[in-house]
There are 2 protein chains.
Amino acid sequence: MYESFFRNFNSKVALTAEEEALIKNYLSPKKIRKKQYLLQDGDICKNIAFIEKGALKSYSVDDNGNEHIIQFALEGWIIADLYSFLTGEPATYNIDAIEDSELVLINKAAHEELLVKFPKYETFTRLNITNAYLAMQRRLTSIISSPIEERYSNFIAIYPDIVQRVPQHMIASYMGLTPETLSRIRRRILSK
Amino acid sequence: MYESFFRNFNSKVALTAEEEALIKNYLSPKKIRKKQYLLQDGDICKNIAFIEKGALKSYSVDDNGNEHIIQFALEGWIIADLYSFLTGEPATYNIDAIEDSELVLINKAAHEELLVKFPKYETFTRLNITNAYLAMQRRLTSIISSPIEERYSNFIAIYPDIVQRVPQHMIASYMGLTPETLSRIRRRILSK
DNA sequence: CCGGATCGTTGACCAAAGTCAATGGTTTTT
DNA sequence: AAAAACCATTGACTTTGGTCAACGATCCGG
């Protein structure tokens, strides 16, 4: 249990066997079925979830009932409403499972205690958030500076696994497009 | 010197006078004139810059010579090409001064040494990057889920100081719009 | 194995934003 | 103080993506 989590942790900050054993006490496993919510708009986000296996997405629903996908997360990624988690404010979006998934949860009390007791956990956290920041910046700059075709080509180059496993209309939503438009863009790209 | 920097630092992690004195040795001040570059596309980003006073922006220039503004930063903010800074790869965008500004620079060697020698500096860094992440996520979700009018209204509500000090066409670029479109949106909003 | 969702594609039409060009006001430079 | 550069606005036109509707294919649950 927690294999992927500790593989990931060790790749960022090496842990001794004792440290691993201690940290394990702060973790809890969770299995979640396809379409199940991990977090709903209005709830308070009580956990950070590391994905051992599977795929989840976070998304908001607007006044017209349209979903807008904020993030995809596969194995090795972390997903949460960080704002809600850190501030205790209600979440402003949903998280649910795209596939049956296995998670490692770290709740707020555990997170805070780990931060002060294990400097390595703080480093792990800092590196995770830094990676998340860089990934989001790539996405943002691509949104504001690249033509749509290039954005999509770029996306399939960086995240081929997501393209394989996630329905196309969710990817359209992630890119801020309608499914129809994405379908047309794909046709344009293919005919080149 | 460094007043704003340490005020900011202490608001996140309290320092003793001795710690402040030690950390000062890792910092260097820099003044930069309006329109001067802090970083140019292709350079390697050697410093993180904390803004004591003034305003800067980061932006990319596309194949047609159009600028796309990635970030504004005023007093109390940090600006850098974090990707380039962390990896040593050449920067993919520019940073320049919108106003005459005063900066506190932390170079890479200093940053790394501070991280290992001062756990408080790692906490400071973690909190900074977390804030940057949350701010960027707000921006991103607003781009993908709000109609443009609302995005602009939201922007002036959150960053009134930027609206005051930064020319409108830069704000248009930041929002992914042409200056003409932003001008028309403003008219629409005013006539309500 | 059947029936209903879900999904991707396509077409016709519409709405929104971009482009190009001109104008007038303001700021900056010399 | 005059010239130049910069900036916001407006109008006419074009391009792009969104909307609505229909159709087949596939997936999934009973």
Side-chain angles (χ1 to χ4, degrees), chain A residues 33-36 54-55 57 59 61-69 72 96-101 142-156 162-192, chain B residues 32-36 54-55 57 59 61-69 72 96-101 142-153 155-156 162-192:
Chain A
R33 285 282 177 75
K34 183 172 174 170
K35 299 201 180 182
Q36 242 189 294
K57 66 176 195 289
Y59 62 100
V61 180
D62 70 18
D63 307 338
N64 307 317
N66 294 18
E67 293 191 359
H68 298 275
I69 292 183
F72 293 117
D96 68 17
I98 301 175
E99 305 171 357
D100 294 354
S101 302
S142 128
I143 288 182
I144 57 178
S145 61
S146 305
I148 290 192
E149 279 193 30
E150 201 174 312
R151 267 165 63 197
Y152 182 70
S153 303
N154 204 28
F155 182 80
I156 55 184
I162 292 181
V163 177
Q164 298 251 334
R165 288 160 62 178
V166 169
Q168 195 172 304
H169 71 273
M170 288 186 192
I171 295 174
S173 163
Y174 178 84
M175 312 222 310
L177 304 173
T178 59
E180 294 96 328
T181 298
L182 180 56
S183 171
R184 286 172 184 130
I185 287 164
R186 282 164 53 83
R187 187 172 36 165
R188 284 210 302 267
I189 291 176
L190 283 178
S191 70
K192 281 190 177 167
Chain B
I32 181 174
R33 284 283 177 75
K34 183 172 176 171
K35 297 199 180 183
Q36 241 189 295
K57 67 176 192 290
Y59 62 100
V61 180
D62 70 17
D63 307 337
N64 307 318
N66 295 20
E67 293 190 359
H68 299 277
I69 291 182
F72 293 116
D96 68 16
I98 301 175
E99 305 172 356
D100 294 352
S101 302
S142 127
I143 287 181
I144 58 178
S145 61
S146 305
I148 289 193
E149 279 193 31
E150 201 174 311
R151 267 164 63 198
Y152 182 70
S153 303
F155 182 81
I156 54 182
I162 292 182
V163 177
Q164 298 252 333
R165 287 159 63 176
V166 169
Q168 195 171 303
H169 70 274
M170 290 187 190
I171 294 174
S173 164
Y174 178 85
M175 312 222 310
L177 304 173
T178 59
E180 294 95 328
T181 299
L182 180 56
S183 172
R184 287 173 182 127
I185 287 164
R186 282 164 52 83
R187 187 174 35 166
R188 284 212 302 269
I189 291 176
L190 284 179
S191 70
K192 281 188 178 168

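Residue numbering restarts at 1 for every chain, and letters A, B, ... go by the order of the sequence lines. None of the values given here were measured: they were computed from a predicted structure.
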inquiry  = For a side-chain contact (heavy atoms from CB on, under 4.5 Å) check, start with the C-alpha distance between A:L177 and A:I148, then their side-chain angles and the critical distance, and finish with the verdict.
reply    = CA-CA 9 Å; A:L177 304 173; A:I148 290 192; 3.4 Å; yes
query = Would you say the ring centroid of B:Y59 lies under 6.0 angstrom from that of B:Y174?
reply =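 Not close enough - the centres of the two rings lie 6.0 Å or further apart.
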query = side-chain contact (heavy atoms from CB on, under 4.5 Å) between B:I98 and B:K34: does it pass, once the steps are laid out?
reply = CA-CA 5 Å; B:I98 301 175; B:K34 183 172 176 171; 6.0 Å; no
query = Is the distance from OP1 or OP2 of C:dT6 to the nearest side-chain N or O of A:Q168 less than 4.0 Å?
reply =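 For C:dT6, OP1/OP2 do not have a side-chain N/O of A:Q168 under 4.0 Å.
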query = According to a strict under-4.0 Å criterion, is B:H169 in side-chain N/O contact with OP1 or OP2 of D:dC6?
reply =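 B:H169 to D:dC6 OP1/OP2: no side-chain N or O under 4.0 Å.
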remark   = Note: A:A55 and A:R165 closest approach over all heavy atoms is CB-NH2, 4.0 Å
Taking every non-hydrogen atom, the tightest pair across B:Y152 and B:I171 =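 Between these two residues, the closest heavy atoms are CE1-CG2, 4.2 Å.
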query = Should we count CZ of A:R33 as having more than 12 external heavy atoms under 6.0 Å?
reply =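 Atom CZ in A:R33 is not crowded, with 12 or fewer foreign heavy atoms closer than 6.0 Å.
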Between [N] ([atom2]) and [X] ([atom1]): distance, integer Å:
X	N	atom1	atom2	value
A:E149	D:dT15	CD	P	16 Å
A:R187	C:dT9	CZ	P	9 Å
B:E99	C:dT28	CD	P	11 Å
B:R186	C:dA17	CZ	C1'	18 Å
A:M170	C:dT6	CE	C1'	10 Å

query = With respect to B:E149, which candidate in B:R187, B:R186, B:R188 satisfies the salt bridge (Lys or Arg N to Asp or Glu O under 4.0 Å) definition?
reply = B:R188
Give every pair of a protein N or O atom and an N or O atom of nucleotides 16-20 of chain D that lie under 3.5 Å apart, one pair per line with the distance.
residue, atom, partner, partner atom, Å
D:dG18, OP2, A:T178, OG1, 3.3
D:dG18, OP2, A:T181, OG1, 2.4
D:dT19, O4, A:R184, NH1, 3.4
D:dC20, N4, A:E180, OE2, 3.0

query = Would you call A:K57 and A:D96 a salt bridge, using N to O less than 4.0 angstrom?
reply =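 Salt bridge between A:K57 and A:D96, a charged N being under 4.0 Å from a carboxylate O: yes.
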For nucleotides 23-30 of chain D, print each protein N/O atom paired with a nucleotide N/O atom at under 3.5 Å, atom names and distance only.
none

